[in-house]
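To keep things clear, I will list the structure first and then write my remarks on it.
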2 protein chains.
Amino acid sequence: MATRTRPNAGTKGVARADREEQILTVACRLFGESGFASTSVADIAEAAGISKPLIYNYFGSKEGLYAVCVQHAAEILTAEIERTAASGTVGLARAVVTLDGMFRVLEPQPWLWHLVFDPTAPPDAATQKVLADYERRILDFGTEGVGELLRLAGNDDPTDTEAMRAVWENVFRTLVTWWLAHPDESPAAMTERCVRLFAAVFGEIDLPTS
Amino acid sequence: MATRTRPNAGTKGVARADREEQILTVACRLFGESGFASTSVADIAEAAGISKPLIYNYFGSKEGLYAVCVQHAAEILTAEIERTAASGTVGLARAVVTLDGMFRVLEPQPWLWHLVFDPTAPPDAATQKVLADYERRILDFGTEGVGELLRLAGNDDPTDTEAMRAVWENVFRTLVTWWLAHPDESPAAMTERCVRLFAAVFGEIDLPTS
DNA sequence: CCTTGATATGACTCTGGGGTAAGTTACCAC
DNA sequence: GTGGTAACTTACCCCAGAGTCATATCAAGG
């Protein structure tokens, strides 16, 4: 055709699976850094060097893409938590080990954290299911340690346990979020800081040799 | 005129100050319950039984209205915190007293809480200034108690103190938010729950007679 | 009465951003 | 070469929701 109305169309030799992975990587970063609501599909397309319809072609909708991003992040974070949980430590030592693992996992891609806790995440069913699953898998670990703490103090009220679990979950989140807001701090240094903070509240704790 | 093209126009005998207060009340509730981003000016107008332009006439913009709402809420919450702070208690007892006061203030209008901590609040200068002021006034109280706790454990690292303050602030927020999510629990019952939770972590605490 | 200012609204405009229709290009199998 | 298909884009539609304009009604003062 003499009239090249769409000079950039046509395949560039990138297989669908590869393109999907590339889009996913870019989207995770943008969604994580700016939040779901403040990130437009056009932004992602531009950052990935492709056009908007390709994203819709591969992921269906903005929500669809987001759900895959959250799934991706949740899998990484859950795997790390389950890994440290399997290491056999208990009580506060386990908390420290878990935090330490989280810092190390997040260091190369800190935006994953905010992805999972994005307050502007859509009420979309797929996304909510992924988040609910994540929540459920994480929950048990927290409830364990917290329940133990309360029983030690002679308290086995289940509602108290639930409230305390919410508190613990948010302490965990706060420590990670605080660390993310202080990028100069290494994971190791932050872990030590956590140990000092716990010690101030609970007294000295015996850590596993690592 | 035979052609009554705008049958509902014209004053209804409500003075500007009264209308502003009425709009403010409705807006606080809607913004607080659904968040800034999910609440449209049309929603507020409808809930207040007036038309959209009147809101723009009185408040200039959606952000302008929101800033006034946040100011309103922040004043109420700050006043309550400063009131309990002036009561003379210290340490954990003060934490309990402050929480108790907060539960009582929020009982008739729980939405005020989420208004101040809305993650979808606009980056608008006026709003941010109000929030920053609120933050600053609250901050000192937390830093005080937290600093004391750390010093007692032989720790006076200022960065540790800052991190611990962030943790404490979020524990406070979590307890209030948890309570708001359990509307059947009375302020008194929730205060007692907090006492039990603190006791489990810190051991028994001596409360002021009240 | 009749002007003036405050209170009020119906019916617009405009923009950002999600989503789509329809076509274009390249590669591969035969 | 010539279909068929997968990869890709341009240019568009469309709507919710912020914000505005021109006008209408009322109450009070002269």
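Everything numeric here is computed off the predicted structure, so don't read it as measured data. In the text below, chain A, chain B and the rest are named by the order of the sequence lines, each starting its count at 1.
- Rounded to 10 degrees, the angle separating the terminal helix axes of the helix from C:dC1-D:dG30 to C:dC30-D:dG1, each built from five base pairs, is 20°.
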Would you tabulate the pairs of protein nitrogen or oxygen atoms and nucleotide nitrogen or oxygen atoms of nucleotides 28-30 of chain C closer than 3.5 angstrom?
none

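- Ring geometry, B:Y66 versus B:F31: the interplanar angle exceeds 60°, so the pair is classed perpendicular (tilted spans 30 to 60°).
- A:R19 has a side-chain polar atom (N or O) that falls below the 4.0 Å cut-off from OP1 or OP2 of D:dC8.
- Within the structure, the ring pair (Phe, Tyr, Trp, His ring centres under 6.0 Å) test picks out no pair touching residues 71-98 of chain A (sequence neighbours left out).
- Every residue two or more places apart in sequence or in another chain was checked for a ring-ring contact (aromatic ring centres under 6.0 Å, His included) with A:Y134, and none qualifies.
- Judged as a side chain to side chain donor-acceptor pair (under 3.5 Å), not a single pair has a partner in residues 45-54 of chain B (not counting sequence neighbours).
- At a non-hydrogen distance threshold of 4.0 Å, A:I50, A:S51, A:P53, A:L54, A:Y58 from residues 40-71 of chain A come into contact with DNA chain D.
- Between the side chain of A:R6 and the base of D:dT9, at least one donor-acceptor pair of N or O atoms lies under 3.5 Å.
- In this structure, the ring-ring contact (aromatic ring centres under 6.0 Å, His included) partners of B:F117, at least two apart in sequence or on a different chain, are B:W113.
- Between D:dT9 and A:K12, a contact under 4.0 Å exists linking OP1 or OP2 to a side-chain N or O.
- For D:dT25, neither phosphate oxygen OP1 nor OP2 lies less than 4.0 angstrom from any side-chain nitrogen or oxygen of B:N8.
- Between B:I55 and B:K62 the shortest side-chain heavy-atom distance does not fall below 4.5 Å.
- Applying the salt bridge (charged side-chain N to carboxylate O under 4.0 Å, His left out) test to pairs two or more places apart or on separate chains, those with a residue in residues 88-114 of chain B are B:R94-B:E144, B:D100-B:R104.
- Listed by chain and number, the residues in a salt bridge (Lys or Arg N to Asp or Glu O under 4.0 Å) with A:E21 amount to none (sequence neighbours excluded).
- Annotation: salt bridge (charged side-chain N to carboxylate O under 4.0 Å, His left out) contacts involving residues 158-168 of chain B, sequence neighbours excluded, comprise A:R193-B:D160, A:R196-B:D160, B:R165-B:E169.
- Within the 4.0 angstrom heavy-atom criterion, only backbone atoms of the sugar-phosphate kind lie near A:T39; the bases stay farther away.
- Atoms CG (A:D18) and C1' (D:dA6) sit 14 Å apart, rounded to a whole Å.
- Evaluation of the side chain to side chain donor-acceptor pair (under 3.5 Å) test over residues 22-37 of chain B, restricted to residues two or more places apart or in two chains, returns B:R19-B:Q22, B:R29-B:E33.
- Scored by the side-chain hydrogen bond (donor to acceptor under 3.5 Å, both in side chains) test, A:S40 finds A:D43 as partners (sequence neighbours excluded).
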